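Keep in mind that this is a model prediction, so the values were computed, not measured. All residue numbers in this chain count up from 1 along the given sequence.
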Amino acid sequence: MNCVLCHNGATEKGLVTVTLEKNQTIVLIKNVPAEVCTNCGHYYLSDEMTKVVLQKGGDAITKGAELEVVNLKVA
């Protein structure tokens with residue numbers, strides 16, 4: 001797939017760190033599978049991964065966390 005952001009790179013499978021921030025909570029989710037642009041580094045998550053990432057963020061907010069780091073290990 002070509003990158004819609006820079007229009008110069010193609011994407012490859014890789015792992016990224018996603019940062020979510022809402023109110024007073026910051027969540028870092030490491031090792032998230034994504035398609036990553038070889039030129040600019042912009043990443044694209046699948047619908048399934050987006051749901052997982054948002055769920056992890058929601059869990060952290062529910063717990064009242066200020067900072068949470070999650071190492072996502074997907075089989």
- Item | Pairwise distance OH(Y44) to SG(C37) - rounded to 0.5 angstrom | 6.5 Å

- Query: Is it the case that one hydrophobic cluster holds both L45 and V52, taking links as side-chain heavy atoms less than 4.5 Å apart, direct or via other members?
  - Reply: yes

List, one per line, each side-chain donor-acceptor pair under 3.5 Å for residues 59-69, sequence neighbours excluded.
residue	atom	partner	partner atom	Å
D59	OD1	Q55	NE2	2.7
T62	OG1	G58	O	2.9
K63	NZ	E68	OE1	3.0
K63	NZ	E68	OE2	3.2

- With rounding to the nearest 0.5 Å, note down the distance linking CD in E35 to OG1 in T11. 4.0 Å

- Note on the structure: When rounded to the nearest 0.5 Å, the distance separating CG of N2 from OG1 of T38 is 9.0 Å

- Note on the structure: The reported gap from CG in L28 to OG1 in T17 (rounded to nearest 0.5 angstrom) is 7.5 Å

- Set of residues satisfying side chain to side chain donor-acceptor pair (under 3.5 Å) with respect to N71, sequence neighbours excluded: N31

- Message: Show the nearest heavy-atom pair for residues I29 and V27, with the distance to one decimal.
- Response: CG1-CG1, 3.8 Å

- Task: Of all the heavy-atom pairs spanning A34 and V16, show the shortest one and how long it is.
- Result: CB-CG2, 3.9 Å

- Item | Same apolar cluster (I L V M F W Y, side chains within < 4.5 Å links), L72/V18 | yes

- Message: What I'd like to find out is whether the side chain of P33 reaches to under 4.5 Å of the side chain of M49, using heavy atoms alone.
- Response: yes

- Message: My understanding is that a hydrophobic cluster links ILVMFWY residues whose side chain heavy atoms are under 4.5 Å apart, including indirect links. Using that, what else belongs to the cluster containing L15?
- Response: none

